[in-house]
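Beneath this line is the structure, given in structure tokens, with notes to follow.
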Amino acid sequence: MVAGRLQEKNGFYYIVLSYTGSAGKRRQPWIGTGLPVKGNKKRAEKMLADTRKDFTIPKGQVSELSPDMAFSDYMRYWLKMMRTAVTETTYSSYCFNVEKHIIPYFEPLGVTLAGLQPRQIQSFYLHEAETLKNTSILRFHANLHKALKYAVRIDLIASNPVDKVDRPKPQAFMASYYSAEEMEKPFEAAQGHKLELIIQLAAFYGLRRAEVMGCGGRPSTLKPRR
């Protein structure tokens, strides 16, 4: 998906797309909407979103990676690159963060890779903080920093905008534990179930979720239940 924005001219809305051709030249075609500026902002924004989604860069002008590509598309590219660079569990986490949170926030903004500003990233954190804990936002922060660090390394952008954003502070983890009486309830509920033994072992050894699933992780420090 190419980047794009709305532009007012002579009392009408125009769609201005932006992409970099294979020769490295920036191209910004204008497309008329036929919509007067007054009272048509939402309709124009819908046309912009549809045009960006359906627009195909003319053959011979495609540049897979460029500073003017949509930031959301760059994040999709980065995800593909990470597919074989990290473990399956880590990649699954990256996909969830990028596809469910980062892209849905930034894509409607129409921001390009080179045009991404620290203030926009900070606004994203504040937006997510309305419904999520800082631990989740720290994961988004790590993903954005890693992705944009790569963009700096291959000379797509001059600096990493995440470096200029305040990193969310981690929240202290307050662990809670089941009493012996409380553990009797899941034991009773699991009787005869195929997961009964797994639940008993997890409780007895204090296993973490990753350890129960066989995904590794540090050994548990909890003592066996007596």
Side-chain angles (χ1 to χ4, degrees), residues 1-83 94-128 130 140 143-144 147-162 164-165:
M1 182 185 296
V2 299
R5 70 179 192 279
L6 289 175
Q7 181 71 42
E8 297 178 15
K9 184 178 181 181
N10 298 329
F12 287 85
Y13 279 118
Y14 286 81
I15 294 171
V16 183
L17 302 178
S18 178
Y19 63 92
T20 301
S22 56
K25 184 177 180 181
R26 187 178 181 183
R27 300 179 181 275
Q28 291 186 302
W30 285 52
I31 303 173
T33 66
L35 298 174
V37 171
K38 187 176 181 180
N40 287 296
K41 185 176 181 180
K42 289 187 177 180
R43 290 181 61 191
E45 289 175 343
K46 177 67 166 53
M47 288 185 67
L48 170 62
D50 291 342
T51 300
R52 290 181 58 223
K53 181 180 179 181
D54 298 335
F55 183 79
T56 302
I57 298 176
K59 189 174 181 180
Q61 297 183 12
V62 177
S63 180
E64 185 175 11
L65 283 177
S66 76
D68 292 321
M69 71 187 303
F71 172 64
S72 54
D73 284 342
Y74 172 76
M75 291 305 298
R76 291 186 179 98
Y77 176 90
W78 180 76
L79 271 185
K80 291 180 181 179
M81 188 176 63
M82 288 294 102
R83 182 67 182 86
Y94 285 1
C95 285
F96 179 81
N97 295 337
V98 172
E99 295 176 346
K100 301 299 183 182
H101 292 274
I102 295 175
I103 287 178
Y105 179 86
F106 286 99
E107 192 159 51
L109 300 180
V111 62
T112 63
L113 174 60
L116 182 64
Q117 299 295 316
R119 59 180 173 79
Q120 294 171 313
I121 300 173
Q122 194 75 70
S123 294
F124 167 63
Y125 293 168
L126 293 174
H127 175 269
E128 295 299 304
E130 294 177 1
F140 304 154
N143 289 159
L144 287 169
L148 292 169
K149 182 179 180 180
Y150 177 74
V152 172
R153 183 152 58 91
I154 61 175
D155 297 325
L156 284 175
I157 54 178
S159 61
N160 191 335
V162 179
K164 300 179 181 179
V165 178

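Residues Leu65 and Ile154 are in side-chain contact: their nearest non-hydrogen atoms beyond the backbone lie under 4.5 Å apart. The closest side-chain heavy-atom distance from Phe124 to Leu144 is below 4.5 Å. In this structure the side chain of Phe96 reaches within 4.5 angstrom of the side chain of His101, judged on heavy atoms. Looking at Gln28 and Arg5, their side chains come closer than 4.5 Å, going by heavy atoms from C-beta outward. Contact annotation: the side chain of Phe12 never approaches that of Thr33 to less than 4.5 Å [non-hydrogen atoms, C-beta and beyond]. No side-chain heavy atom of Arg43 sits under 4.5 Å from any side-chain heavy atom of Met47.
The structure places CG of Leu148 at 5.0 Å from CG of Asn160, a figure rounded to the nearest 0.5 Å. For the atom pair Lys38 NZ and Glu8 CD, the distance stands at 13.5 Å (nearest 0.5 Å). To the nearest 0.5 Å, the span separating CD on Gln122 from NZ on Lys164 amounts to 13.5 Å. The distance from atom CD1 of Ile31 to atom CG of Leu17, rounded to the nearest 0.5 Å, is 4.5 Å. Considering NZ of Lys42 and CD of Glu45, their distance stands at 8.5 Å, rounded to 0.5 Å. Here OH of Tyr94 is found 10.0 Å from CG of Leu79. Values are rounded to the nearest 0.5 Å.
Remark: the backbone N or O of Val165 is not paired with any side-chain donor or acceptor of Tyr125 at under 3.5 angstrom.
Scored by the side-chain contact (heavy atoms from CB on, under 4.5 Å) test, Pro104 finds no partners at all (sequence neighbours excluded). Scored by the side-chain contact (heavy atoms from CB on, under 4.5 Å) test, Leu48 finds Leu6, Ile15, Arg52 as partners (sequence neighbours excluded).
For Arg76 and Asp73, the salt-bridge test passes: some basic side-chain N is under 4.0 Å from an acidic carboxylate O.
Around CG of Asn10, the count of heavy atoms belonging to other residues, nucleotides or ligands within 6.0 Å does not exceed 12.
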Q: Start with the C-alpha gap between Tyr13 and Gln7, add the side-chain angles, then the distance that decides, and say whether side-chain contact (heavy atoms from CB on, under 4.5 Å) holds.
A: CA-CA 6 Å; Tyr13 279 118; Gln7 181 71 42; over 6 Å; no

**Q.** Intermediate values then yes/no, side-chain contact (heavy atoms from CB on, under 4.5 Å), Ser123 and Gln120
**A.** CA-CA 5 Å; Ser123 294; Gln120 294 171 313; 5.6 Å; no

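A pairwise comparison of heavy atoms in Gly110 and Ala3 identifies O-CB, 3.9 Å as the closest pair. Heavy atoms only, all atoms of each residue included: Pro67 and Leu156 are closest at CG-O, 3.3 Å.
Results of the ring-ring contact (aromatic ring centres under 6.0 Å, His included) test with Phe71 over Trp78, Tyr77, Tyr105, Phe106 single out Phe106 as the only residue that passes.
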